[in-house]
Colleague: 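Take a look at this one; I'll ask things after.
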Number of protein chains: 4
Amino acid sequence: MSPRTEEQLIKHKAEKRKVITQAALKLFSEEGFQSTSISKIAKEAGVSKGLIYTYFESKEELLRFLILDTIDEMFGIAEVSLGINPTDESFEKMISDYFDWVQINRAFLQIYFGILMQPSVMKLFEKEIMAKAYNVFERMSVYFKNKGFEDPLSETRFFISILDGIYMNYIMDSENYPLAKAKSRILTMYLK
Amino acid sequence: MSPRTEEQLIKHKAEKRKVITQAALKLFSEEGFQSTSISKIAKEAGVSKGLIYTYFESKEELLRFLILDTIDEMFGIAEVSLGINPTDESFEKMISDYFDWVQINRAFLQIYFGILMQPSVMKLFEKEIMAKAYNVFERMSVYFKNKGFEDPLSETRFFISILDGIYMNYIMDSENYPLAKAKSRILTMYLK
Amino acid sequence: MSPRTEEQLIKHKAEKRKVITQAALKLFSEEGFQSTSISKIAKEAGVSKGLIYTYFESKEELLRFLILDTIDEMFGIAEVSLGINPTDESFEKMISDYFDWVQINRAFLQIYFGILMQPSVMKLFEKEIMAKAYNVFERMSVYFKNKGFEDPLSETRFFISILDGIYMNYIMDSENYPLAKAKSRILTMYLK
Amino acid sequence: MSPRTEEQLIKHKAEKRKVITQAALKLFSEEGFQSTSISKIAKEAGVSKGLIYTYFESKEELLRFLILDTIDEMFGIAEVSLGINPTDESFEKMISDYFDWVQINRAFLQIYFGILMQPSVMKLFEKEIMAKAYNVFERMSVYFKNKGFEDPLSETRFFISILDGIYMNYIMDSENYPLAKAKSRILTMYLK
DNA sequence: CATGAATGAGAGTTCATTCAT
DNA sequence: CATGAATGAACTCTCATTCAT
């Protein structure tokens with residue numbers, strides 16, 4: 001209606017994408033990606049079907065945006081907490097941050113784990129996710145190497161497997177899963 | 001194809017269900033349940049679309065059959081290996097059996113984990129899976145109790161989380177995942 | 001199994017056709033012709049799907065047989081009761097016979113009226129039904145001519161319309177429809 | 001096709017529904033409800049298959065709309081013509097109006113009578129039709145009561161049966177049925 | 001910038017009919 | 001004579017995507 005600066009336009013676009021993305025996040029986690037129609041997302045977001053195509057090229061691109069946007073945040077926790085010289089303190093901090101993050105981002109993780117299990121959908125992200133993941137592997141390996149592990153990369157993958165397993169079980173059965181115990185258990189395991 | 005003896009009919013039915021089920025297993029694991037059409041399954045199985053409905057009432061029932069049939073096998077490993085009085089030997093045997101089983105049943109596990117992450121699909125199995133799972137929890141708890149763990153149930157869920165996490169990561173990245181190392185690592189962790 | 005005379009074979013065939021026809025009659029009247037599958041008819045009749053095709057060439061031929069077989073009976077009532085020289089007594093008898101017949105053959109009439117209303121299905125019978133109907137028109141016209149009606153054919157068609165209307169309303173709302181009153185009313189109307 | 005004013009949208013919707021409804025009316029009357037596919041209706045209406053589902057939730061809802069919309073008009077004739085104090089003039093007017101209406105709405109009546117004969121389809125309308133019908137019964141009964149009939153309700157149902165029978169026979173055999181004679185006959189019957 | 005009517009491909013499912021047994 | 005497994009066309013309905021307004 002009124003002229004805006006380019007900055008305003010970009011901000012506006014980012015906000016609209018957020019609104020749509022949030023609606024999609026909720027629905028994808030409840031019904032799955034394939035079972036959620038663009039119509040439902042539009043209704044949930046309070047916009048028209050057509051508008052979604054102004055902000056995203058396709059339903060898949062919407063999913064890509066949703067995943068890649070948040071994946072950076074998720075993998076970023078490791079990077080930020082550990083830094084270049086990981087210590088026991090920073091390692092413990094990282095674990096703590098992840099447990100906090102998971103509880104807030106259950107819906108996202110549900111979609112994420114679901115995607116990991118579908119090669120045909122996973123193709124959309126494979127490169128990006130694997131690149132970021134291996135990046136994190138390396139960073140953590142430094143810590144395990146410092147701690148004297150013979151095969152730091154394998155230990156890294158074992159450690160991440162534990163986290164993934166815990167989060168997956170927590171998502172599936174949030175009410176009964178002993179998340180706090182799992183957290184202290186893994187802390188004891190690695191930090192004595 | 002009839003009249004035949006009833007025995008022949010039953011055998012034939014079981015065989016056909018197996019053929020269809022195997023085709024579905026392959027495709028579901030590659031594409032996911034929702035993205036796999038009955039047409040594709042029929043083509044893969046080498047039968048007509050309509051025939052699938054002679055053997056299964058619906059696409060969902062086909063999935064249920066596929067899952068529930070194999071889930072018994074999967075959960076059965078724990079029961080069989082551990083028995084009523086679990087020892088270190090039987091516990092080690094169970095872990096070993098699971099690692100073997102997982103390598104053979106990657107496709108199934110992929111579908112299984114995918115289902116766990118989709119509430120709308122999970123509804124089809126929730127009761128059966130949860131009942132069986134809690135059954136296994138109890139059985140394993142006996143072992144951890146014998147070993148002197150303060151909170152055996154939490155330890156059970158922690159232990160299972162580790163297994164789940166390992167298998168999930170293995171499925172996602174079979175070529176590079178250090179499965180053997182993960183196995184010896186978990187054995188060391190619990191059995192000295 | 002054992003050799004039979006040709007007569008026995010014919011009788012056997014007629015009996016089987018009757019069994020199948022009766023099952024179809026029940027289902028067609030409840031669900032309509034198009035909505036009743038051959039499978040359902042087979043189950044209701046206690047025979048296999050394939051067997052139905054031994055006795056009838058197609059689902060349509062089964063319907064044709066069902067309709068044409070009973071239509072003769074229905075139109076026959078007029079012929080038999082009226083005879084060549086219709087009197088008040090025979091006319092009254094005919095009305096009485098029709099009211100009796102209708103109560104026994106509600107299911108058939110329901111199908112019959114339904115068919116009359118669907119040109120595409122009606123095509124299967126048009127010739128036969130129309131021929132028989134016009135035959136009856138002529139026969140009744142004799143009675144109305146004898147009674148001095150100026151336009152006996154129109155009166156015939158009017159009279160038959162009344163019967164049809166009564167039966168249709170009776171079928172639709174059997175519990176509440178005053179069938180007995182309708183009968184005495186039409187008798188009074190024509191026989192003083 | 002939008003944004004438009006709400007008024008435009010409503011008008012557009014009503015027009016589209018009319019186009020689809022008219023196509024369906026034609027085909028249903030020729031082929032019957034069950035034998036007419038959505039594809040055929042779409043082709044006849046000159047729209048895509050999918051669009052029909054923008055305007056009607058299902059094929060059944062389309063039928064409901066088609067029937068209930070016109071049924072009001074049909075039963076309305078009695079109410080409007082008779083008014084609260086039915087006279088011979090208004091009764092004659094009603095009969096005349098019905099005969100006119102029937103000739104214009106042959107296609108509708110064909111569908112309507114067809115539906116009445118199929119319990120499984122009739123279920124969709126039973127309540128509405130029966131309620132409206134009994135409403136008309138009461139209104140007409142007033143006239144017959146005024147005319148001194150002992151059992152006005154039975155006479156009403158008899159009278160309506162005659163009309164139904166005439167219309168049904170007229171629809172089946174429009175070219176030869178003596179509709180005008182039937183009309184004068186029924187007028188003579190009740191109005192001397 | 002925003003709408004939702006419109007499309008058309010394809011989904012799951014049913015079913016009349018055939019035919020090896 | 002009798003069976004029901006097998007087929008394939010057709011059905012109702014859904015949905016990602018487009019585009020006139």
Side-chain angles (χ1 to χ4, degrees), chain A residues 1-2 4 9 12-13 16 34-43 47-62, chain B residues 1-6 8-9 12-13 16 34-42 46-62, chain C residues 1-2 4 9 12-13 16 34-43 47-62, chain D residues 1-6 8-9 12-13 16 34-42 46-62:
Chain A
M1 299 291 176
S2 56
R4 307 189 202 182
L9 282 175
H12 180 252
K13 183 167 182 181
K16 275 283 173 177
Q34 347 259 358
S35 299
T36 303
S37 68
I38 292 284
S39 284
K40 278 189 215 154
I41 297 171
K43 190 170 285 178
V47 301
S48 71
K49 251 185 304 181
L51 194 66
I52 292 181
Y53 285 87
T54 310
Y55 293 101
F56 300 97
E57 276 190 356
S58 66
K59 196 185 168 191
E60 292 194 345
E61 213 237 318
L62 165 52
Chain B
M1 304 278 172
S2 185
R4 313 188 202 177
T5 64
E6 199 172 338
Q8 278 176 318
L9 280 177
H12 181 255
K13 186 165 184 175
K16 274 283 164 163
Q34 338 252 8
S35 299
T36 303
S37 68
I38 291 285
S39 287
K40 281 187 211 154
I41 297 171
V47 301
S48 70
K49 238 189 324 178
L51 191 67
I52 292 181
Y53 289 87
T54 305
Y55 294 99
F56 300 96
E57 281 191 353
S58 65
K59 196 185 167 191
E60 291 194 345
E61 213 236 318
L62 167 51
Chain C
M1 300 291 172
S2 58
R4 310 188 200 183
L9 281 176
H12 181 251
K13 184 166 180 179
K16 275 282 173 179
Q34 347 258 0
S35 299
T36 303
S37 68
I38 291 284
S39 284
K40 278 189 215 154
I41 297 171
K43 189 168 286 177
V47 301
S48 71
K49 250 185 306 180
L51 194 67
I52 292 181
Y53 285 87
T54 310
Y55 292 101
F56 300 97
E57 277 189 356
S58 66
K59 197 184 167 190
E60 291 194 344
E61 214 238 316
L62 166 52
Chain D
M1 305 276 172
S2 183
R4 311 191 204 175
T5 64
E6 200 171 338
Q8 279 176 319
L9 281 176
H12 181 255
K13 186 165 183 175
K16 274 281 161 164
Q34 338 251 9
S35 298
T36 304
S37 68
I38 290 286
S39 286
K40 280 187 211 154
I41 297 171
V47 301
S48 70
K49 239 189 322 179
L51 191 66
I52 292 181
Y53 289 88
T54 305
Y55 294 99
F56 301 97
E57 281 191 353
S58 66
K59 196 184 167 190
E60 292 194 345
E61 213 236 317
L62 167 52

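On a predicted model such as this, the values are computed, not experimentally measured, just so you know. Protein chains get the first letters and strands the later ones, always in sequence-line order, with residue 1 at the start of each.
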Colleague: Classify the nucleic acid contact of A:Thr36 as base, sugar-phosphate or nothing, counting any heavy atom under 4.0 Å across all strands shown.
Modeller: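 Touches sugar-phosphate only.
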Colleague: Starting at NZ of D:Lys13 and ending at P of E:dG4, how long is that distance when rounded to a whole Å?
Modeller: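 Value for this atom pair: 11 Å.
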Colleague: Would one find a side-chain N or O of B:His12 under 4.0 angstrom from OP1 or OP2 of F:dT3?
Modeller: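 The answer is no; no side-chain N or O of B:His12 sits under 4.0 Å from OP1 or OP2.
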Colleague: Determine whether B:Val47 and B:Ile41 make a side-chain contact, defined as any pair of heavy atoms from C-beta on separated by less than 4.5 Å.
Modeller: no
Colleague: Partner lookup for F:dA5, please. Criteria are Watson-Crick or G-U wobble with both distances under 3.5 angstrom; report none if nothing qualifies.
Modeller: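 Base-paired to E:dT18.
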Colleague: Could you give the distance from CD (D:Gln34) to OG1 (C:Thr36), rounded to the nearest 0.5 Å?
Modeller: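 If we round to the nearest 0.5 Å, D:Gln34:CD and C:Thr36:OG1 are 9.0 Å apart.
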Colleague: Let me know, please, whether C:Ser37 or A:Val47 comes out on the 5' side of the other along DNA chain E by nearest nucleotide.
Modeller: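 First, find each residue's nearest nucleotide; the 5'-ward one identifies A:Val47.
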Colleague: Can you tell me the distance, in whole Å, between the CD1 atom of A:Ile38 and the P atom of E:dA5?
Modeller: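 In whole Å, E:dA5 P lies 17 Å from A:Ile38 CD1.
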Colleague: Could you give the NZ-to-P distance, from C:Lys40 to F:dG4, as a whole number of Å?
Modeller: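 C:Lys40 atom NZ is separated from F:dG4 atom P by 19 Å.
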Colleague: Could you give the distance from NZ (C:Lys49) to OG (C:Ser37), rounded to the nearest 0.5 Å?
Modeller: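 Reported value, rounded in 0.5 Å steps: 8.5 Å.
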Colleague: Which whole-number value in Å describes the distance from B:Gln8 CD to F:dA5 P?
Modeller: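 Atom CD in B:Gln8 sits about 13 Å away from atom P in F:dA5.
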Colleague: For the OG atom of B:Ser48 and the CD1 atom of B:Ile38, what is their distance to the nearest 0.5 Å?
Modeller: 11.5 Å
Colleague: Would you compute the distance between atom NZ of A:Lys16 and atom CZ of A:Phe56 and round it to the nearest 0.5 angstrom?
Modeller: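 Those atoms lie 11.5 Å apart.
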Colleague: What is the separation between atom CD1 on C:Ile41 and atom P on E:dC15, rounded to the nearest whole Å?
Modeller: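 Whole-Å distance recorded here is 11 Å.
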Colleague: Take the protein atom NZ of C:Lys43 and the nucleotide atom C1' of F:dT3, then report the distance between them rounded to whole Å.
Modeller: 15 Å
Colleague: Using Watson-Crick or G-U wobble geometry with both distances below 3.5 Å, tell me the partner of F:dT14, or none.
Modeller: E:dA9
Colleague: Of the residues in residues 49-62 of chain B, which ones touch DNA chain F at a heavy-atom distance under 4.0 Å?
Modeller: B:Lys49, B:Gly50, B:Leu51, B:Thr54, B:Tyr55
Colleague: In whole angstrom, what separates B:Leu9's CG from F:dT3's P?
Modeller: 12 Å
Colleague: Roughly how far, to the nearest 0.5 Å, is the CD atom of B:Glu61 from the OH atom of B:Tyr55?
Modeller: 13.5 Å
